[in-house]
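For reference, the structure is listed below as structure tokens.
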Amino acid sequence: MTTTDELPKAYDPTDVEPRWYRRWVEAGYFHADAESDAPPFTIVIPPPNVTGSLHMGHALFVAIQDTLVRWRRMQGRNTLWLPGTDHAGIATQTVVERELLRTEGKTRHDLGRDEFLRRVWSWKEQHGGRINEQMKVMGASLDWARERFTLDDGLSRAVREVFVTLHEEGLIYRARRLINWCSRCRTALSDLEVEQQDEAGSMWHLAYPVEGSDERLVVATTRPETMLGDSAVAVHPDDPRWQHLIGRRARLPLTGRTIPIIADAELVSMEFGTGAVKVTPAHDFGDFETGLRHGLDQLTILDLGGLVCAPAPERYVGKTVAEARALVLADLEAEGLLVETKPHTIPLGRCQRCDTVVEPSLSMQWFVKIAPLAAPAIAAVERGETRFVPEMWTKTYMHWMTNIKDWCISRQLWWGHRIPAWTCVGCGELTVAREAPTTCTKCGAGTLTQDEDVLDTWFSSALWPFSTLGWPDKTRDLATFYPSQVLETGHDILFFWVARMMMMGIHFMGRSPFQTVFLHALVVDERGDKMSKTRGNVIDPLDVVHGATLDALLDKAKQGGAPASALANVKQAFPEGIPASGADALRFTLAAMAAQGRNIRLAPARVEGYRHFVNKIWNASRFAMMNLEGVDADAFAAKLAAGPAGTDLAIADRWILSRLQRVTRELNEALESFRLNDAAAASYRFFWTELCDWYIELAKPAMQSDVELDGGARRRAAQGTLAHVLDSAMRLMHPLMPYITEEIWQRLPRAVGAPASIVIARYPVVDARWEDDAVERAMALLMEASVALRNVRAEAQVPGAQVMQVFVCVADPERRRVLEEHAGVVERAARAKLTVVDAFPAGAGTKAIVGGDVELFVPLEGLIDFDAERARLDKELAKMEKEIEGVERKLGTASFVERAPADIVEKERARLAEAVARRERLAAARAALGTAA
RNA sequence: GGGCGGAUAGCUCAGCGGUAGAGCAUCGGCUUUACACGCCGGGGGUCGCAGGUUCGAAACCUGCUCCGCCUACCA
């Protein structure tokens with residue numbers, strides 16, 4: 001127990017939060033025991049980029065996953081939330097290269113592969129831990145003893161094992177193909193790493209003279225510079241316009257080459273453009289296929305840096321795409337071969353990482369043959385082994401999986417898992433092996449060189465659910481924790497990551513890696529725009545937690561390279577900076593807004609609202625601390641265990657205990673079905689509206705009174721109830737708000753044998769015996785009467801301190817009994833003195849009607865504004881008329897009475913009866929006031 | 001081109017077949033000894049538009065209009 005003066009009036013999360021995390025870790029609460037008999041609950045973290053920094057997306061998944069994990073842990077599950085980071089090939093390498101250039105003016109090639117990798121590792125050692133520390137601030141209850149990194153020895157071994165096995169099975173192959181090439185990153189990319197966008201471009205019509213004729217064949221193109229690499233012109237076989245040209249040759253301008261005119265029904269559409277298409281097999285995916293069909297030459301006229309190269313004519317060599325385009329167009333124009341130029345929207349692919357326009361490029365790469373892996377991953381979802389939440393993602397997953405194309409997995413980078421393939425210098429034989437071979441398997445020579453390339457980062461991420469548990473060894477962890485129960489991540493990486501984990505997990509473990517895939521929405525700003533540094537609308541979760549001054553925000557934006565417009569946005573959004581709200585408030589906000597299937601527009605005002613909620617929790621608890629001295633938690637627990645029969649609890653006690661059962665049910669059900677927003681809303685309503693606004697206010701007299709008319713029993717009941725409800729509420733809300741709930745729970749009187757921390761306390765379960773409809777109905781009436789009287793007070797401007805005399809008439813005997821027996825509730829809530837009578841005393845006053853037959857008369861001689869009173873009653877009467885009219889119409893419809901369910905009809909009848917009774921009483925009250933003077 | 005979301009109070013969002021809800025904002029009143037990060041009371045919505053199904057629709061169906069996202073080689 002603590003006394004009030006030790007507790008500050010305002011909750012300060014920055015003081016409370018950091019204290020707990022270390023203690024939880026030291027106590028080992030987050031550590032999962034592979035030997036435990038308890039049913040496991042496993043979630044693997046979506047590994048953040050090792051050099052990354054916490055952003056709202058991370059904060060969101062921490063809030064969601066930690067809530068699920070803490071809830072399951074409190075339910076007694078053997079809970080494993082496995083942490084780790086991703087080496088993020090391109091991203092990390094780029095960052096280190098940039099740093100190297102900035103500080104030493106060198107490129108990675110200046111250092112050489114080994115030295116460069118040493119630098120990346122040292123960068124990782126220096127910056128790699130940051131995001132983990134940031135997740136700890138958020139309260140993430142991760143099992144740090146099991147932390148993994150995708151480039152760990154163990155995980156690297158798993159990667160080699162998978163690569164070699166798939167190669168042996170014929171599912172990994174090497175081929176010279178057209179792939180997406182980023183000339184800035186100088187690496188191949190998978191289809192997914194290319195972002196398609198429609199951009200403004202042009203459509204040019206170019207004339208190719210037909211050999212041995214005066215005719216010209218006009219082709220339409222959006223990329224005229226690629227004509228330097230054309231190896232044919234295609235027309236539709238059925239097109240009457242060009243029938244006679246099929247099989248002849250065209251003179252390719254500017255090059256001195258001639259190319260065949262071919263017929264291809266697949267590539268060419270007669271209606272589009274000019275009906276004739278230039279074919280450039282080495283620089284266009286459609287043309288590549290066409291080239292294969294017709295055995296055309298594949299002429300590469302762009303080098304790896306994106307510059308024109310031979311066999312393009314010397315004049316163009318070394319030019320960029322843009323330069324070459326301008327030059328080609330000018331040259332064609334000069335020769336009179338540029339027929340037409342018009343604006344045209346073109347789909348353009350850009351590198352996800354650096355925004356460079358991606359070029360289709362012909363090169364030797366490694367691929368995963370994906371269809372045989374996709375089929376079982378589709379089947380697993382079809383038979384329900386894995387399900388998606390929200391369900392709508394199933395369709396998206398299926399669609400992508402059924403149209404999937406082979407996955408290009410080799411990257412021309414240095415940072416990553418090097419491809420375990422070696423070429424014999426002597427005979428050229430390619431060997432794929434788990435460990436570096438010493439001699440060539442074919443010719444026995446001893447000199448082999450390893451493939452220079454590394455694997456796509458997502459290749460190792462795809463193995464994450466089992467590689468992190470020790471695979472390929474048959475470990476105890478693997479047996480206990482695979483498959484995981486839930487995979488929770490953003491829908492933006494459904495294909496990148498989730499689908500690939502499904503495929504690999506099923507192929508190598510025989511079972512889908514997750515029972516449920518829960519996909520959350522993306523966090524965007526208040527206006528629905530994606531958060532970005534250039535917009536200046538980024539909200540750093542840590543700034544919300546710790547607070548930040550405007551200057552600090554501006555400094556950070558500047559360092560991040562934000563433009564002036566962005567700085568202005570920051571100034572406008574946070575003129576006062578951001579107040580320190582704590583991890584609890586941020587987590588609760590994210591949970592409350594994480595409704596399924598929508599973007600989360602993070603509004604700062606919303607965070608503020610929930611920060612106030614956290615403070616409310618603090619103060620309600622502070623009140624409790626001041627009034628719970630000497631409470632005997634064990635005695636009250638025994639009372640609860642005995643059930644409500646014959647209890648000495650007051651109606652308010654019974655009511656809040658009943659409401660507690662309901663909110664307990666709501667929370668368990670909401671968490672069970674991943675509706676965190678409902679869990680948050682139910683918590684909020686219960687704690688603030690029901691517990692604080694009603695229960696605590698009603699319990700005050702019993703707890704604060706100096707007189708103990710009943711020998712202290714009433715006080716003990718209220719104290720016991722409040723202590724129990726608070727204890728339960730803290731446990732209920734702990735998964736959502738770990739810090740404040742622990743802080744308060746530690747200070748509450750607890751039963752003997754209670755655990756040392758709320759982290760491992762039991763999550764509340766419903767005790768249906770304490771749910772009581774009759775009590776809730778009675779309280780509803782008392783509350784309604786109280787509100788009506790408060791309204792009278794406000795309208796009639798009765799001073800807050802003045803106790804109002806109130807006379808009550810009730811027709812219904814049961815309601816009369818409730819009001820007589822529990823008059824104290826209304827008296828306390830409305831600051832009134834209640835007298836139940838058969839007839840009202842004479843005199844001026846105001847009348848309120850509750851629930852049809854409860855009339856509340858407040859004699860207010862001299863205080864009544866009769867005009868206002870008449871207006872108020874007229875308004876209420878009109879409302880009643882309208883309602884009665886509506887319900888009567890409904891009940892007057894034969895089909896309604898006949899076809900609607902009986903209980904609904906009954907409800908409508910009751911509603912009508914109440915409205916009619918209310919109207920009568922209102923009319924009488926109105927009549928008593930007469931007409932205006 | 002295909003697919004999937006969304007359109008509800010001034011703002012951000014719940015609700016998804018039986019009397020329209022929350023937070024913030026707004027208006028009025030409160031030095032009520034837990035909390036002004038508060039308390040009490042109030043105002044505010046033809047639930048995008050048009051049809052349909054139903055006794056009954058914000059919710060289900062159809063079409064339309066906007067706004068997002070994903071996906072696709074029409075040169």
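Numbered from 1 within each chain, the chains take letters A, B, ... in sequence-line order. All values below were derived from every heavy atom in this structure, side-chain atoms included, with hydrogens, water molecules and symmetry-related copies excluded.
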Exercise. Take atom NZ of A:Lys395 and atom P of B:U71, then tell me their distance rounded to the nearest Å.
Key: 17 Å
Quiz item: Taking the nucleotide of RNA chain B with the closest heavy atom to each, which residue, A:Thr689 or A:Ile696, is nearer the 5' end?
Solution: A:Thr689
Quiz item: Contact class for A:Gly800 vs. all strands (heavy atom < 4.0 Å): base, sugar-phosphate, or nothing?
Solution: nothing
Quiz item: B:G68, B:G43, B:C55: which one has an atom nearest the side-chain heavy atoms of A:Ser895?
Solution: B:C55
Practice problem: Please say whether the positively charged group of A:Lys616, taken as NZ for Lys or CZ for Arg, lies over the ring of A:Tyr684, i.e. under 6.0 angstrom from the six-membered ring centre and within 45 degrees of the axis. | Solution: no
Exercise. Keeping the roles fixed (side chain from A:Asn619, backbone from A:Lys9), state whether a donor-acceptor pair exists under 3.5 Å.
Key: yes
Quiz item: Quick one: which of B:A14, B:C37, B:A75 gets closest to the side chain of A:Asn677?
Solution: B:A14
Quiz item: RNA chain B in dot-bracket, Watson-Crick or G-U pairs under 3.5 Å, [ ] crossing, | other strand?
Solution: (((((((..((((....[..)))).(((((.......))))).....(((((..]....))))))))))))....
Quiz prompt | Minimum-distance nucleotide to A:Ala605 side chain [options: B:G68, B:C24, B:U71] | solution = B:C24
Quiz prompt | A:Lys616 side chain near B:C39 phosphate (N/O to OP1/OP2, under 4.0 Å) | solution = yes
Quiz item: When all nucleic acid strands are considered with a 4.0 Å heavy-atom cut-off, which category describes A:Gly582: base, sugar-phosphate, or nothing?
Solution: nothing
Quiz item: Just by distance, do the side chain of A:Arg606 and the backbone of A:Thr589 share a donor-acceptor pair under 3.5 Å?
Solution: no
Quiz prompt | Nearest listed nucleotide, side chain of A:Arg790, among B:C73, B:C40, B:G42 | solution = B:C40
Practice problem: From the options B:A34, B:C39, B:C74, select the nucleotide whose nearest atom is closest to the side chain of A:Cys692. | Solution: B:A34
Quiz item: Is the phosphate of B:C39, meaning OP1 or OP2, less than 4.0 Å from a side-chain N or O of A:Trp688?
Solution: yes
Practice problem: Check every strand shown and say whether A:Glu697 touches a base, only sugar-phosphate, or nothing at a heavy-atom separation below 4.0 Å. | Solution: base
Self-check item: Options B:C70, B:C55, B:U12, nucleotide nearest the side-chain atoms of A:Arg601
Solution: B:U12
Exercise. Would you give the length of the straight line joining atom CG of A:Asp678 to atom CD of A:Glu666, rounded to the nearest 0.5 angstrom?
Key: 8.5 Å
Quiz item: Does A:Lys278 have a side-chain nitrogen or oxygen under 4.0 Å from the phosphate oxygens OP1 or OP2 of B:A75?
Solution: no
Quiz item: How about A:Trp393 and A:Phe388: are their ring centres within less than 6.0 Å of each other?
Solution: no
Quiz item: Do the charged groups of A:Arg293 and A:Glu289 touch, with an N to O distance under 4.0 Å?
Solution: no
Quiz item: Between A:Glu795 and A:Ala10, who's closer to the 5' end of RNA chain B by nearest nucleotide?
Solution: A:Ala10
Quiz item: Which part of the nucleic acid, if any, lies within contact of A:Tyr684, taking any heavy atom under 4.0 Å across all strands shown: a base, the sugar-phosphate backbone alone, or nothing?
Solution: sugar-phosphate
Quiz item: OP1 or OP2 of B:C69 less than 4.0 angstrom from a side-chain nitrogen or oxygen of A:His491, does that happen here?
Solution: no
Exercise. Just call it for A:Leu267: base, sugar-phosphate, or nothing, with non-hydrogen atoms closer than 4.0 Å on any strand.
Key: base
Quiz item: A:Ala220: what forms a side-chain contact (heavy atoms from CB on, under 4.5 Å) with it, not counting sequence neighbours?
Solution: A:Met203, A:His205, A:Thr274
Quiz item: Under 4.0 Å between a side-chain N/O of A:Lys700 and OP1 or OP2 of B:U33, yes or no?
Solution: no
Quiz item: Base, sugar-phosphate alone, or nothing: which one does A:Ala801 contact when heavy atoms must sit under 4.0 Å apart?
Solution: nothing
Exercise. Kindly say if A:Arg622 contacts the phosphate of B:A34, meaning a side-chain N or O under 4.0 Å from OP1 or OP2.
Key: no
